[in-house]
Each structure stands twice: as structure tokens, then as C-alpha cells.
Peer 1: 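Could you have a look at this structure, given as C-alpha cells, before my questions?
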Amino acid sequence: MAHTLAIIGFGGMGSWHCENIQNRVPDIHVKGVYDIRPEACQKAAEKGLFVYDSVEAILADPEVDLVTIATPNNFHKPLAIQCLIGGKNVICEKPVTLNAAELREIIAARDESGKLFSIHQNRRWDKDYNIIKTILQDGTIGKPYFIESRVQGSRGAMHGWRGHKVNGGGMVLDWGVHLIDQIMNMIPEKVVSVYANLFTIFSDEVDDNIKIMLRFESGVSALLEMSTNCFVNLPRWHVSCENGTAVVEDWSCKGRMVQLNTDAEMAWDEEIVYTEAGPTRTMAPRPAHTLKELPLPEVQVDWSDYYKNIVAVLDGKAELIVKPEQALRVMKVIDTIFESDKTGKGIACSI
């Protein structure tokens, strides 16, 4: 069954949604857009899209059954509620809201309307993330105990509205929400503590460099880092497991996985070993025969699968992948991150 979509907000992400759907999701027809900016409306018209003059005009269009909201973050809640109560299924860009309380209001509107509501957490389909998720699910190198996830750049200040607090700007709500969603989807356990350092190196209003520590109930810990002021990048992923280590270097997904050879014995030398680290046994090189180098798993991913899942759900053929209840847990963690940074302390929790 074909579905017709309208987009509210035709900036960078709104345009991306339009192009991605038009090129890769044949069961969705993008009919038109609404934006308060004349230049955005002109851009949409030049692409052959219908330009609505209000949100109400979208709600009054019987052809439209699906709306994607791609506005600045502070408009997500009122627009989502308006569209749900107005009888439309709704997809919202991330972060879904500015805090958990706002999302609870949207979930109540979803329940009242009976319509679909989801959040565009497209980076669950990132190749690097799915490589690491596959390694952990397969148990190739055993149980994880410390996971490092980083996105690092050096372009400085936040761009446009993302640099303003009133709009819900800052790195926690921009990239941080992706990294938190990924790790909470990867480790299906409660988060039991949160510690955050949020830095404002360039911005006068919002965090632009962030370091977040999450601890899960089994003891697995994760360090999530987003930098706009890093000139020598660390790996995108560095995962320490009981029986090995996995590294994904960058977006190209170059990396390696080293597994312990549990069949090989490793005896300690009686004599101190002299290395570049000085006299040591602990930091001496491990014998090569006790290790196995393995290739990273091959994974096939496609960002358009998010929208294909939406179509399948609307047609009654699948379960929703990105659920509002999952996003609510993420937003609760984000609330706790801001509390930790404000107080300068780790926060015990059960999320």
C-alpha cells in the first residue's frame, strides 16, 4: 500500500528525508512541505513539491497519512502532538524532545489518537555500529566490559540554531543522543549510573564537547565522547571484552579484532623483561601464538530501512523498530546527564 508524506521543516535534514525517500522508498510518495522560511518554500517548489501554507493545511489534506517533523528541536513536541491529534502518523527527527517530560506528553497524544509515532534514529543503521553490535551478539570475543564510542571533529562552534539553548542546541542533543541510543540498543540492560563532563569551548550557550560515562546493571561500562575540537582522532569504537578486543577506526570501517587463543598456554617468564616501558612483566609483549587476528564481520545496512519499517508497520506487516518507549529511556538518561554535569557528580539511577 502506498503512503503519502508531508515534511514540516525543509532545511538540511528535511531535504535529506525527501531525497532519501524519493530515491529509495517506493512505497512512500513525498507530496509537499511546510516551512516558515520563504527560501525553503522556494527550494521545495523548485523540486516539484507542493508547498503548504500552514500545518493546518497538511492536517486538512486527506491524501497525507504520514508527517515527518524536521524542525529545530524545541518545536518537536507541539508539532508532534498537533499532528497526532490531527489524525496523522508522525515521524520526528531526533532528539525527539528536550526532556523526558515532553516526550511523555507526546506518548499520551499517541495513545489518545491511536496513530503511529516514531523517532528517526537513523544511526541504528550505521555500518560501524552494526559491526560492533554483531561482534557482541555473536560472542566472538566474549562478554564486553568496557565500550568506547567516539565521534570527533575539529570545526569548532555549533552551526546555526544548534548553537542556541532555546532551540535545544548542544552536542548532547545533537550527536550525544545518537551515541546514547546506539549503546542502549546494543546493551539491553538498565543504566545504573551516569557521569558527565560537558564543555563549552566555543559556544556561549550550549555544550560543544562532551564526555559521558554510563554503567549498566551487569557492570558493563561505556564512554561516549563527542568533540568539535579534536585534531588527532581516536578510534570510532574500541571495545574491550573478556576474550579479546575490537576496534573500528573510522567511518570507512577499517579496523581489526584480536581474539585470545584459549588453547595456547602463556607462561610468565621468571626474569624481568626489559621493554620500552622499562623493566616489566605485565606490559611485556604477549606471545604471538596466544592470539588470533580475525576480520571484522561483514554487515549490510541501509538507512532507508528505517522508512521501509514504517511502511511495513502501517501495513500491519511488522513491529515498529524505533519505539517511543525506547526514546523515553534515552531522554531519561539525557536528563540525568545534564544533572550530573550541573552537580559535578555521578548520579545513581535505574533507567
Peer 1: Write down the atom of Asp207, the atom of Ile210, and the distance for their closest heavy-atom approach.
Peer 2: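 Closest pair (atom of Asp207, atom of Ile210, distance): OD2-CG2, 3.4 Å.
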
Peer 1: Could you pull out all residues at least two apart from Glu298 that satisfy salt bridge (Lys or Arg N to Asp or Glu O under 4.0 Å)?
Peer 2: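 With sequence neighbours excluded, Glu298 shows a salt bridge (Lys or Arg N to Asp or Glu O under 4.0 Å) to no residue whatsoever.
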
Peer 1: Is the backbone N or O of Lys332 less than 3.5 Å from a side-chain atom of Thr336, with the two atoms forming a donor-acceptor pair by type?
Peer 2: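 At least one qualifying donor-acceptor pair exists.
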
Peer 1: Any pair with a residue in residues 53-78 that passes salt bridge (Lys or Arg N to Asp or Glu O under 4.0 Å), sequence neighbours left out, goes on the list, sorted by first then second residue, please.
Peer 2: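 Listed once each, the pairs are Lys31-Asp61, Lys31-Glu63, Lys77-Glu105.
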
Peer 1: Keeping to residues at least two apart or across chains, list the side chain to side chain donor-acceptor pair (under 3.5 Å) pairs with something in residues 312-330.
Peer 2: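 Counting only pairs at least two positions apart or across chains, the side chain to side chain donor-acceptor pair (under 3.5 Å) contacts touching residues 312-330 are His3-Asp315, Arg110-Glu325, Arg124-Gln326, Glu319-Lys323.
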
Peer 1: Share the residues that join Phe146 in a hydrophobic cluster, the rule being Ile, Leu, Val, Met, Phe, Trp or Tyr side chains under 4.5 Å apart at the heavy-atom level.
Peer 2: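 Via sub-4.5 Å side-chain contacts, Phe146 links to Tyr145, Tyr195, Met213, Leu223.
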
Peer 1: So how far is it from Cys18 SG to Asn23 CG, rounded to the nearest 0.5 Å?
Peer 2: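 Answer for the SG-CG pair, Cys18 versus Asn23, is 9.0 Å.
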
Peer 1: List the atom pairs, with distances to 0.1 Å, where a side-chain N or O of residues 338-347 and a protein N or O form a donor-acceptor pair under 3.5 Å, not counting sequence neighbours.
Peer 2:
from	atom 1	to	atom 2	distance (Å)
Ser340	OG	Ala196	N	3.0
Ser340	OG	Lys345	O	2.6
Asp341	OD1	Leu198	N	2.9
Thr343	OG1	Glu339	O	3.0
Thr343	OG1	Ser340	O	3.3
Thr343	OG1	Lys345	N	3.4

Peer 1: Mind checking what makes salt bridge (Lys or Arg N to Asp or Glu O under 4.0 Å) contact with Lys211, not counting sequence neighbours?
Peer 2: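 Only Glu225 meet the salt bridge (Lys or Arg N to Asp or Glu O under 4.0 Å) criterion with Lys211.
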
Peer 1: Under 3.5 Å, side chain of Asn167 to main-chain N/O of Gly169, donor-acceptor pair present?
Peer 2: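 Judged by distance alone, no pair lies under 3.5 Å.
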
Peer 1: Look at the aromatic rings of His120 and Trp16 and report parallel, tilted or perpendicular, splitting at 30° and 60°.
Peer 2: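 Answer is tilted, since the angle falls between 30° and 60°.
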
Peer 1: Verify, without hydrogens or angle tests, whether Asp126 (side chain) and Asp128 (backbone) share a donor-acceptor contact under 3.5 angstrom.
Peer 2: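 Looks like no, no N/O pair under 3.5 Å.
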
Peer 1: As a quick check of understanding, evaluate salt bridge (Lys or Arg N to Asp or Glu O under 4.0 Å) for Lys43 and Asp35, giving each step before the final call.
Peer 2: CA-CA 10 Å; Lys43 178 182 174 182; Asp35 197 297; over 6 Å; no

Peer 1: So, do His17 and Trp303 have ring centers that fall under 6.0 Å from each other?
Peer 2: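 Ring-ring flag for His17/Trp303: false, centres at least 6.0 Å apart.
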
Peer 1: Would you say the side-chain atoms of Glu112 pair up with the backbone N or O of Ile85, donor to acceptor, closer than 3.5 Å?
Peer 2: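 Not at all, since once roles are kept as given, no pair shorter than 3.5 Å links the two residues.
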
Peer 1: For the residue pair Ser304 and Asp302, confirm or rule out a side-chain donor-acceptor distance under 3.5 Å.
Peer 2: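 The criterion, which ignores hydrogens and geometry beyond distance, is satisfied for Asp302 and Ser304.
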
Peer 1: CZ of Arg256: more than 12 outside heavy atoms within 6.0 angstrom?
Peer 2: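 Not more than 12 within 6.0 Å, no.
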
Peer 1: Do Trp161 and His164 have ring centres separated by under 6.0 Å?
Peer 2: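 So the answer is no for these two rings.
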
Peer 1: For the residue pair Arg123 and Trp251, would you count it as a cation-pi contact if the rule is NZ or CZ under 6.0 angstrom from the ring centre and within 45 degrees of the ring axis?
Peer 2: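 Because its charged atom sits under 6.0 Å from the ring centre and within 45° of the axis, Arg123 does stack over Trp251.
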
